[in-house]
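These notes are about the structure you will find just below.
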Amino acid sequence: MTHKLTNAQIAWRAAQDIQDGAYVNLGIGFPEMVAQYQPPGRQAIFHTENGILDFGESPAKGSEDWDLINAGKKAVTLNPGAAFFHHADSFAMVRGGHLDVAILGAYQVAQNGDLANWSTGPKGVPAVGGAMDLVHGAKRVAVITDHVTKDGKPKLLESCTLPLTGVGCVTRIYTSLAVIDIVEKCFMLKEKLPTLSLADLQAVTGARLFTNGPVADLIVPEL
Amino acid sequence: MTHKLTNAQIAWRAAQDIQDGAYVNLGIGFPEMVAQYQPPGRQAIFHTENGILDFGESPAKGSEDWDLINAGKKAVTLNPGAAFFHHADSFAMVRGGHLDVAILGAYQVAQNGDLANWSTGPKGVPAVGGAMDLVHGAKRVAVITDHVTKDGKPKLLESCTLPLTGVGCVTRIYTSLAVIDIVEKCFMLKEKLPTLSLADLQAVTGARLFTNGPVADLIVPEL
Amino acid sequence: MDKTVSSLTEAVAGIGDGASVMIGGFGGSGAPIELIHALIDRFVATGHPTGLTVINNNAGNGHVGLAALIETGMVKKLICSFPRSADPVVFTELYLAGKIELELVPQGTLAERIRAGGAGIPAFYTPTGFGTLLAEGKKIEDFDGRSYVQERWLKADFALVKADLGDSHGNLTYNKAARNFNPLMCTAAATTIVQVSEIVHPGAIDPEHIITPGIFVQAVVQVANPQQEEVLNRAKAVYPEVAQ
Amino acid sequence: MDKTVSSLTEAVAGIGDGASVMIGGFGGSGAPIELIHALIDRFVATGHPTGLTVINNNAGNGHVGLAALIETGMVKKLICSFPRSADPVVFTELYLAGKIELELVPQGTLAERIRAGGAGIPAFYTPTGFGTLLAEGKKIEDFDGRSYVQERWLKADFALVKADLGDSHGNLTYNKAARNFNPLMCTAAATTIVQVSEIVHPGAIDPEHIITPGIFVQAVVQVANPQQEEVLNRAKAVYPEVAQ
């Protein structure tokens, strides 16, 4: 593979689809980057599982308040209009369908929308956190991910082989090569890197890519 | 029937069994009188379904705040240490077994602890309020009632004939004539008016009265 | 983000025929009288909405607020726990005449069903009502040797809510026991419309003191000096006022 | 009514072998470090309690607080959602060696199970986990064409909780996101033991701002300047401190 998007560029692309005023939960780690790339004039409200709505950027080093952290245990700040609440209320927001978007990482995504992102198998210590709740709560569940694994295997598959996080829950995938919707249990290609042929993209995708209209160029800024 | 306790005296007797610091819910109407007769040195904390813990006496006439009412829609005041909460949290307190005592009125009580206190039958508009929750939540559910109906019929029965509020929930009954526990689906007489013979009491009771020890005199002050 | 709307008329404009509407309050405490009256005004002017299903703890009192809404004939069905009051004549007469449906729900179950609706819990088990008429036809399951009734979530198209302070994000506080069902209903309606005594700027309410976070609210309208049902009824008020 | 106790030692004295103990906090935020350390002190001094089942969102970090409790060998079983952290070596080693049991629960389900325990709801249905390993063996029921997993309430013998202000009635506030699981655990334990930064007199906390009403609390102990797990771990602290 020659060219692919950086994580920052994938996060940027995902951020473009978040509307002004949307309530958004970003998974811990890579998805947290999405918050940095909100288009000018739009302001999403970010939710964190541990009980904050409308938290802001990281504080300056040395001025962290360790009672003011996000789900990734990183120190955050508050925006005007922020609110605190307990964990049951926090997941009422999640499970009750009040979030507009959840953006999560993935080990594997299947063409029917199944997501595997919490366990790489029976070895080691399993840990699930809030992912299984998020995939069944938010109105729209999107994934951001490299298109393939570190050793080049497809992450977009006919069916997941790793333990599932949720069944039929993902609706859009932002990868390092393409933007793909899940429509009626099929991968529907919406955008791809202009330098990449459809055949090349199909070659690194573990299930058939469909189209239902013109495939747009996936164009992102240098970041 | 010659002598019987007034409602105030029944309420007084019930109040003597409430421990200092107990969390108590009093049903609307007659049971609300219990709050007036706490023994000196004891202070119960009163809960009302509509979201107040530790409310106090009625305000002076003319100084009511109609956002500060009890479940009977009467204006109340707050004691120091009072708290507000919403209805789901209020009934979490009830259903979750956090109240020490609930004291309710009754149309009928059966010897197995069944209570009927919400409906006199299919006529009219049915209304249940919080009674069905209270009878399954408080650690101890007591009833205060006249021993018989207005037309002299027993209210303490082998089984209720009116629609039930709860099954097997009452543990003690304070009547105008006696104090009766429910033990293993039997009415166990604990106290009776000293002027009343056991035979006379049995005659106005719709199920057999048992004893498992001396029956104390039910003695209350003039009120 | 600005969820404020400038008038009561605008706030209730989207409520259509046949909608389910949760209305906050316990008796008059926390009842959004002005929002209800705005809905009545719309009905008087346009004939809509009608056929409403209303969820409230009570069935109104006197001839204002919820009682007035029922009196207009706009309400097809009421889901409540305690349809009695000092002056319940409006509901009582329609109910006994078979002109309004009633679903009677124990108060704690009503609260929990609404919370479940907001929290994405389609059903739960409660001891409340087991063995009574109100559990008839419901699924029973035993846990640890005790029997419980399965109850379903309750959601609505709209919630009409009375709060105290509100900001443009929809963050809310309440006044004393006027809180009651209001925060729950905010969570369980597709569109939650709130009247507040004062609109403040975001950040003006301490984040620790917000009772309803804005995520649960779609519209906020200021009603600076809201009326109390109890005061109106003691003055024998009637809504709409009789024209002649 | 006075629920205050004068020392941490006294506060944790009643926790016996085999007890189930909910411990508040999300990572270090809201973790009652001093109560946990008092429990470790008791174990060091008396050999008790042992065989604890601990309910917490995480599995500890470094060698203080929950991690230290696990490291002593006092914990038989952990019920949590995310047993990973910056430095999870204590739990990881015991788990991989088969010396501690783990019940893994999705975070929202964990929160809801605890709330259900406190609210008298023996079971509820959630979409979370349907079709995954974590739903294996659990009852499934369909509502409105969608499948849900039945989950049971979670209660405990004790809860160790960190709050901010507390009064002698047990009314509590929390500091920022240190709230997290703490108010839920207060409701679901037979005995809730709370460390607060400051004990105030009843009435000092505005009734509108109380997050946990005192009915859910049995003991309150003041720890004026509570330690933060994150700060301790950055200083590479170990508890108990090595004696030699």
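The chains referred to below are lettered A, B, ... by the order of the sequence lines, with proteins before strands, and numbering in each begins at 1.
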Are the charged groups of [X] and [Y] less than 4.0 angstrom apart, N to O?
{"X": "B:R208", "Y": "B:E158", "result": "no"}
{"X": "C:R113", "Y": "C:E103", "result": "yes"}
{"X": "B:K150", "Y": "B:D146", "result": "no"}

Let's test your reading of the structure: which of [options] forms the most heavy-atom pairs below 4.5 Å with chain C?
{"options": "B:T48, B:D65, B:V94, B:V135", "result": "B:D65"}
{"options": "B:A131, B:S90, B:G124, B:G166", "result": "B:G124"}
{"options": "B:G130, B:P126, B:A71", "result": "B:P126"}

Given heavy-atom pairs under 4.5 angstrom as the criterion, report whether the side chain, backbone, both or neither of [X] touches chain B.
{"X": "C:F26", "result": "both"}
{"X": "C:Y174", "result": "neither"}
{"X": "C:L102", "result": "side chain"}
{"X": "C:S85", "result": "neither"}

Can you tell me which of [options] forms the most heavy-atom pairs within a distance under 4.5 Å of chain B?
{"options": "C:P127, C:A178, C:A111", "answer": "C:P127"}
{"options": "C:N57, C:N61, C:N58", "answer": "C:N58"}
{"options": "C:Y95, C:F130, C:F181", "answer": "C:F181"}

Could you look at [X] and say if it's the side chain, the backbone, both or neither that has a heavy atom under 4.5 Å from chain C?
{"X": "B:S119", "value": "neither"}
{"X": "B:F84", "value": "both"}
{"X": "B:I52", "value": "side chain"}
{"X": "B:V125", "value": "both"}
{"X": "B:I28", "value": "side chain"}
{"X": "B:A92", "value": "neither"}

Hey, are the side chains of [X] and [Y] touching, using non-hydrogen atoms and a 4.5 Å cut-off?
{"X": "B:V109", "Y": "B:K155", "answer": "no"}
{"X": "C:Y148", "Y": "C:F143", "answer": "yes"}
{"X": "C:I79", "Y": "C:T53", "answer": "yes"}
{"X": "C:I211", "Y": "C:R179", "answer": "yes"}

So if I apply the side-chain contact (heavy atoms from CB on, under 4.5 Å) rule between C:L172 and each of C:I210, C:D167, C:I205, C:V217, which one comes out positive?
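Checked C:I210, C:D167, C:I205, C:V217 against C:L172; only one passes side-chain contact (heavy atoms from CB on, under 4.5 Å): C:V217.
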Exercise. Applying side-chain contact (heavy atoms from CB on, under 4.5 Å) between C:I70 and each of C:I100, C:V54, C:L52, C:N56, report the one that passes.
Key: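 Of the listed residues C:I100, C:V54, C:L52, C:N56, the side-chain contact (heavy atoms from CB on, under 4.5 Å) partner of C:I70 is C:I100.
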Applying side-chain hydrogen bond (donor to acceptor under 3.5 Å, both in side chains), run through C:K162 and C:N180 and close with a yes or a no. CA-CA 10 Å; C:K162 181 181 186 179; C:N180 56 65; over 6 Å; no
Here the gap from C:E151 atom CD to C:L134 atom CG, rounded to the nearest 0.5 Å, amounts to 9.0 Å
Taken to the nearest 0.5 Å, the spacing of B:H147 NE2 from B:L177 CG works out to 5.5 Å
Contact list (residues 182-196 of chain C to chain B, heavy-atom gap under 4.5 Å, by number) returns C:P183, C:L184
So the side chain to side chain donor-acceptor pair (under 3.5 Å) pairs with at least one residue in residues 69-78 of chain B (sequence neighbours excluded) are B:E32-B:N70, B:E32-B:K74
Please walk me through it: do B:H47 and B:N25 pass side-chain hydrogen bond (donor to acceptor under 3.5 Å, both in side chains)?
-> CA-CA 5 Å; B:H47 167 269; B:N25 184 294; 3.0 Å; yes
